Amino acid sequence: MTQVRTLLPANQWPRMTYEEYLGASEIPEHTEWVDGLVVEMMSVSRRHAEMQVYLIELLQAYLRRFPVGRVYLEPFQMKPSSDLPGRSPDIMVVLERTYDRLRDQFLEGPADLVIEIISQGSEAVDRGDKFYEYEAGGVAEYWLIDPIREVADFYVLDDRGVFRASTSGRFESSVLPGLSIDDDWLWEPKPMIEVLAVLGLTGA
């Protein structure tokens, strides 16, 4: 998701706690809370939106066949830990074991899988700030999809709490066993029914 500026005018909202931010009905929905500041989320490109829909369709098909979790979308937030920002990932998957940390407005603690789709201007945040926040917060898998450059990076948290990049041509999820992603499906999307057949999810 593109993050470019704090809402203007800069003094419209003073620094506030996360609890105050969640309770402030006058703050627009598509924002994040970073170090006490309200940060606006910009609109996304058509390609970003189409990629988001494609991935959601794939994840929902998997979870219909294997009902082990739920999919949440921006602007639903994740607060990985008390000392980290409140972020709104493009897509996140919360496994059943994590349901007790779901609150009405956000997930308290890390999601099991977070997906960010890079938009024009968001690469520095998605590859920088959010990468290290999600790693420090304990997100098990981070998928970073760049439809502009046609690059997909898949990171898995290791035993030391460090993100390790997948090096194989096809990424096999450890959070959702049996779900794999081939880069070619992303840049030249196959009909979803063909992808589901490859993954053994037809009829899901």
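The figures here come from the full heavy-atom set of this structure, side chains too, leaving out hydrogens, waters and symmetry mates. Note that the structure is a prediction, hence the values are computed from the model and not measured.
Open room surrounds CZ on Arg46; 12 or fewer heavy atoms of other groups in view lie less than 6.0 Å from it.
Atoms CG and CZ, on Asp153 and Arg127 in that order, are 4.5 Å from each other to the nearest 0.5 Å. Between atom CD1 of residue Ile91 and atom CD1 of residue Ile145 there is a gap of 8.5 Å, rounded to the nearest 0.5 Å. Note: Gln60 CD to Leu201 CG = 12.5 Å, rounded to the nearest 0.5 Å. Note that CG of Leu59 is 13.5 Å distant from OH of Tyr72, once rounded to the nearest 0.5 Å. For the atom pair CG of Leu84 and OH of Tyr134, the computed distance is 10.5 Å after rounding to the nearest 0.5 Å. Taking CZ from Phe106 and CZ from Arg87, the interatomic distance works out to 15.5 Å, rounded to the nearest 0.5 Å.
A 4.5 Å side-chain heavy-atom check between Leu55 and Leu186 finds at least one atom pair inside the cut-off. The side-chain heavy atoms of Met16 and Ile27, taken from C-beta on, include a pair separated by under 4.5 Å. Proximity of Leu144 to Lys130: side-chain heavy atoms (C-beta onward) are nowhere separated by under 4.5 Å. Contact of the Tyr21 side chain with the Gln77 side chain is registered, since non-hydrogen atoms from C-beta on lie closer than 4.5 Å. Side-chain contact between Leu107 and Thr98 is present, with at least one heavy-atom pair separated by less than 4.5 Å. Counting only heavy atoms from C-beta outward, the side chains of Asp90 and Met51 never approach each other to under 4.5 Å. Side chains of Leu176 and Phe66 form no contact here, defined as non-hydrogen atoms less than 4.5 Å apart. With contacts defined as side-chain heavy-atom distances shorter than 4.5 Å, the pair Phe154/Ile115 does not qualify.
Smallest separation of non-hydrogen atoms from Gly137 and Pro80: CA-CB, 3.7 Å.
Checked by atom type and distance alone, the side chain of Asp158 never pairs as donor or acceptor with a backbone atom of Arg164 at under 3.5 Å. Side chain of Arg70 to main chain of Leu63: no donor-acceptor pair is present (N/O by atom type, distance under 3.5 Å, no hydrogens or angles). Of the possible donor and acceptor atoms, none in the side chain of Asp112 sits under 3.5 Å from a partner among the backbone N and O of Val175. Remark: side-chain polar atoms of Glu32 are not paired, donor with acceptor, to backbone N or O of Val39 under 3.5 angstrom. Side chain of Glu116 to main chain of Tyr142: no donor-acceptor pair is present (N/O by atom type, distance under 3.5 Å, no hydrogens or angles). At least one donor-acceptor pair closer than 3.5 Å links the side chain of Tyr62 to the backbone N or O of Pro177. Judged by distance alone, the side chain of Trp13 and the main-chain N or O of Glu26 form no donor-acceptor pair under 3.5 Å. Arg15 contributes a side-chain N or O that, together with a main-chain N or O of Asp35, makes up a donor-acceptor pair within less than 3.5 Å.
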request  = Start with the C-alpha gap between Asp126 and Asp146, add the side-chain angles, then the distance that decides, and say whether side-chain contact (heavy atoms from CB on, under 4.5 Å) holds.
outcome  = CA-CA 10 Å; Asp126 292 334; Asp146 186 346; over 6 Å; no
ask   = Step by step, would you call Glu96 with Val68 a side-chain contact (heavy atoms from CB on, under 4.5 Å)?
value = CA-CA 6 Å; Glu96 190 172 13; Val68 297; 5.6 Å; no
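Counting only residues at least two apart or in different chains, side chain to side chain donor-acceptor pair (under 3.5 Å) contacts with residues 173-195 comprise Glu141-Ser173, Glu141-Ser174.
Taking Tyr155 as the reference, Phe131 meet the ring-ring contact (aromatic ring centres under 6.0 Å, His included) condition, with sequence neighbours excluded.
Between Glu19 and Lys79 there is no salt bridge, since no side-chain N of the basic residue sits under 4.0 Å from a carboxylate O of the acidic one.
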